[in-house]
Amino acid sequence: MKAGREFLAFAVVGVIGLVVDVAVLYLAAPLLGWYGARVLSFLAAATTTWALNRRYTFAARRALGAATPIVREYLGYLATMLGGAVVNYGAYVLVLHWLEGPWVPALGVAAGSCAGMAVNFLAARHLVFKPRRSP
């Protein structure tokens, strides 16, 4: 799949991840607070996007080479998403500090998702779902 199509699919999967992220955030916030819940919501969203990107966005790239064990691939995905996660969380925190209202955490998640998307796409495409050479 060409990079443009992969990026579009990655963005669509990202929107689904955003919905998961916001839903988990608002469900967990009463127990963990807005900052603690954000860590849990990120993990839920990252797991969702890994599964969907694996199945749809980067399936053709994965088929080009030897398979990576699924647990290793998942942990590699989480590790490579940390760069985008730092950017994402930073934007989230800034929005929470600058704005007020019940919709602000959702706006923070959206701003963070947009800020981290390019970093995450490049990491997923070139590090996690790159075609592997057969042994």
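These numbers come from a predicted model, not from an experiment. Count residues from 1 along the sequence.
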Using the rule that Ile, Leu, Val, Met, Phe, Trp and Tyr join whenever any side-chain heavy atoms are under 4.5 Å apart, tell me whether [X] and [Y] fall into a single cluster.
X      : Y     : answer
Phe7   : Phe58 : yes
Leu75  : Phe42 : yes
Val109 : Leu31 : no
Leu32  : Val24 : yes

Minimum-distance pair of heavy atoms, taken over all atoms of Leu40 and Ala28: CD2-CB, 3.9 Å

Which atom of Arg125 lies closest to which atom of Lys2, heavy atoms considered: NH2-C, 4.4 Å

side-chain contact (heavy atoms from CB on, under 4.5 Å) between Trp50 and Leu78, intermediate numbers included: CA-CA 8 Å; Trp50 165 74; Leu78 287 179; over 6 Å; no

Criterion side-chain contact (heavy atoms from CB on, under 4.5 Å) on Glu73 and Phe129, from CA distance to verdict: CA-CA 8 Å; Glu73 183 185 272; Phe129 297 112; 3.7 Å; yes

Are a donor atom and an acceptor atom from the side chains of [X] and [Y] found within less than 3.5 Å of each other?
X     : Y     : value
Arg38 : Asn88 : yes
Tyr74 : Thr47 : yes
Thr49 : Tyr77 : yes

Let me check something: any side-chain donor-acceptor pairs from residues 89-108 under 3.5 Å, sequence neighbours excluded? List them with distances.
| residue | atom | partner | partner atom | Å |
| --- | --- | --- | --- | --- |
| Tyr92 | OH | Trp34 | O | 3.0 |
| His97 | NE2 | Tyr35 | OH | 3.4 |

Could you list the donor-acceptor pairs under 3.5 angstrom formed by side chains in residues 116-123, with sequence neighbours left out?
| residue | atom | partner | partner atom | Å |
| --- | --- | --- | --- | --- |
| Asn120 | OD1 | Gly84 | N | 3.4 |
| Asn120 | ND2 | Gly116 | O | 3.4 |

Those residues that, when tested against Ala110, pass side-chain contact (heavy atoms from CB on, under 4.5 Å) (two or more places apart): Leu18

Heavy-atom side-chain proximity of Thr57 to Arg5 below 4.5 angstrom: no

